[in-house]
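Working notes, beginning with the structure itself.
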Amino acid sequence: MELFHAVAWSLMGREESFKPDVLRQLRELGGVSRRALADAVGVTQRTVAYWESGQRKPEARQLHALLSFFKVDAHYVTNRPRGSVTLRDLRREAGFSNADEAAQAVSGRKVMRGISFDSAKLLRLERGLPVRGTVCSTPEHAGHLAKALALVYKVPEHVVVDAWRRTRPDESAPVLPRPGPRAGRSTLIETWNGLNDRQRIYLEACFLQDVEEERAERARYARTGQRRPAAEWRKMTLALYVPPEITGHSRLQERLRDRGVHDPGTGPSIAALDRRGLIAVHHDTVTIPGAGLIKRTQVEMTKRGRAVARAGLGVSRSRSAPAPMMSVWLWRTLVRVAFASQDGGDYDLVGRARLHLTVKTGPGQEAPSRGYLEHRLPDGATWGRHAWYPSASGWRHIADYLSQYRELYPTVPTDGLEDLIPPPYRTPTVSGGP
């Protein structure tokens, strides 16, 4: 059996064909010289020339630097389809060509406390072989390892779980550990009641502006398909130290003025919220046309600050799907295609579902595709119109989480869906090896 797994792994994990022409096109279209690219990646100009001529391929750390520099996914510069990444792929794309280095980083994560892990176990994990010890003995232990891998490889947890299921299809999916307990509502209310009236007005204004910024960021993402780090858009301008007739009031100042607070900048109320850890205050300078370089104060809500504001204002937290599950609209799309697969496939997959669910998409900073749908001819057909069908990863995802989705999204009709899952993709009852 181990020989079978080793052969399967050698076929699954073989080196992808690097695309030298694509690298050259990326560099030339971006107006980047070979010297500049070499300096950014940490190699010589001759090495870049070898890559572009096909004489050599980048090593794992160099490939990671290239992907980060051009902000593209590995599928764009290799022949590997998007949505087919394995655990070994994730390690190499994170820049770990050496399994020892990756295993050491994983072992050092807090979530792995009390769980033994080393490079030998990592390699067996990547090859689909049984992993001895407690690290994969149960789906819960495997979930701790999956979370640690996500932290070390700097990818979303669902990406690791999907790669795990492709690498080890005969096992149950890892069960990710639940987040630690949040502060009780009574504690949050107590913090809110400990603020004076003016401090509450400031915290409410910051919270409402934070909600507005988050809504605008979601709309921007839906329009462009590009994500920005939260650290960029969660910082909200409070004050520009220039006469208001030049720049006007900031959006936060307008909210405060609506409540009768005319504060030109940071005062004792903002400082008090900062000391309590409810907001973070940032000071910098910015160039304003007609005013030159001026000082600016920005504020940023902390997680605790948002929780206190929600509790004090009576705002319920929006319910989101836990990793590695999907939002309701993506789940509804996958279910629809699964049912349609019994009648020749789905021909109407449009919009952003293609970006998130299908196997191949274009380059860019968009969210990683789940690779749950594929576009192909109907079974047994040799020509004709292509349709959408669940991929192997899609069927496994349905099998793994169908009962949980039914509880999370009861309005999505799934009666009889379990009968459509092909036998090879149904969830097994045993998780790890001995």
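Just so you know, residue 1 is the first one in the sequence shown, and it goes up from there.
- Heavy-atom contacts from other residues, nucleotides or ligands closer than 6.0 Å to CD of Glu254 number more than 12.
- Within the 3.5 Å criterion, the main-chain N or O of Val85 finds a donor-acceptor partner in the side chain of Arg166.
- A donor-acceptor pair under 3.5 Å is absent between the side-chain atoms of Ser107 and the main chain of Gln104, judged by distance alone.
- In this structure, OG in Ser53 is found 11.5 Å from CZ in Arg46, a value given to the nearest 0.5 Å.
- Under a 3.5 Å cut-off, the side chain of Arg306 and the backbone N or O of Met301 do form a donor-acceptor pair.
- The CG atom of Asp284 sits 4.0 Å away from the CZ atom of Arg296 when rounded to the nearest 0.5 Å.
- Of the inter-residue distances, the one linking Glu217 atom CD with Glu212 atom CD reads 13.0 Å to the nearest 0.5 angstrom.
- Within 6.0 Å of atom CD in Glu59, 12 or fewer heavy atoms from other residues, nucleotides or ligands are found, so the atom counts as exposed in its surroundings.
- Here the side chain of Ser391 pairs a donor or acceptor atom with the backbone of Gly371 at under 3.5 angstrom.
- A search for ring-ring contact (aromatic ring centres under 6.0 Å, His included) contacts involving His144 returns nothing, not counting sequence neighbours.
- Looking at heavy atoms from C-beta onward, Arg27 lies in side-chain contact with Phe70 at the 4.5 angstrom threshold.
- A donor-acceptor pair under 3.5 Å links the side-chain atoms of Arg200 to the main chain of Leu195, judged by distance alone.
- For Glu214, the salt bridge (Lys or Arg N to Asp or Glu O under 4.0 Å) partners are Arg218, Arg234, not counting sequence neighbours.
- A 4.5 Å side-chain heavy-atom check between Trp164 and Cys136 finds at least one atom pair inside the cut-off.
- A side-chain contact (heavy atoms from CB on, under 4.5 Å) with Leu334 is found for one member of Leu373, Leu417, Val412 and no other, namely Leu373.
- Side chains of Pro169 and Tyr425 form no contact here, defined as non-hydrogen atoms less than 4.5 Å apart.
- Under a cut-off of 6.0 angstrom, the local environment of CZ in Arg35 is sparse, with at most 12 non-hydrogen atoms contributed by other residues, nucleotides or ligands.
- At least one side-chain heavy atom of Met112 sits under 4.5 Å from a side-chain heavy atom of Val135.
- When the salt bridge (Lys or Arg N to Asp or Glu O under 4.0 Å) test is applied to Asp419, no partner is found at least two apart in sequence or on another chain.
- Taken from CD in Gln209 to OG1 in Thr237, the straight-line distance is 9.5 Å, to the nearest 0.5 Å.
- Within 6.0 Å of atom CZ in Arg376, more than 12 heavy atoms from other residues, nucleotides or ligands are found, so the atom counts as buried in its surroundings.
- Take Arg332 and apply the salt bridge (Lys or Arg N to Asp or Glu O under 4.0 Å) test, not counting sequence neighbours, and it matches no residue.
- When the salt bridge (Lys or Arg N to Asp or Glu O under 4.0 Å) test is applied to Glu204, the partners found at least two apart in sequence or on another chain are Arg259.
- With a 4.5 Å cut-off on side-chain heavy atoms, Leu357 and Trp388 do not count as touching.
- Note: His397 and Tyr405 meet the aromatic proximity criterion, with ring centroids under 6.0 Å apart.
- Using a 4.5 Å cut-off on side-chain heavy atoms (C-beta onward), Pro130 and Arg124 make contact.
- The NE2 atom of His141 lies 13.5 Å from the CZ atom of Phe117; values are rounded to the nearest 0.5 Å.
- Using a 4.5 Å cut-off on side-chain heavy atoms (C-beta onward), Pro390 and Val337 make contact.
- For Pro58, the side-chain contact (heavy atoms from CB on, under 4.5 Å) partners are Phe18, Trp51, Gln62, Leu63, Leu66, not counting sequence neighbours.
- Between Leu149 and Glu157 there is no side-chain heavy-atom pair separated by less than 4.5 Å.
- Applying side-chain contact (heavy atoms from CB on, under 4.5 Å) to Leu90 and the options Thr167, Val159, Asp162, Val152 leaves one that passes, Val159.
- Asp89 contributes a side-chain N or O that, together with a main-chain N or O of Thr86, makes up a donor-acceptor pair within less than 3.5 Å.
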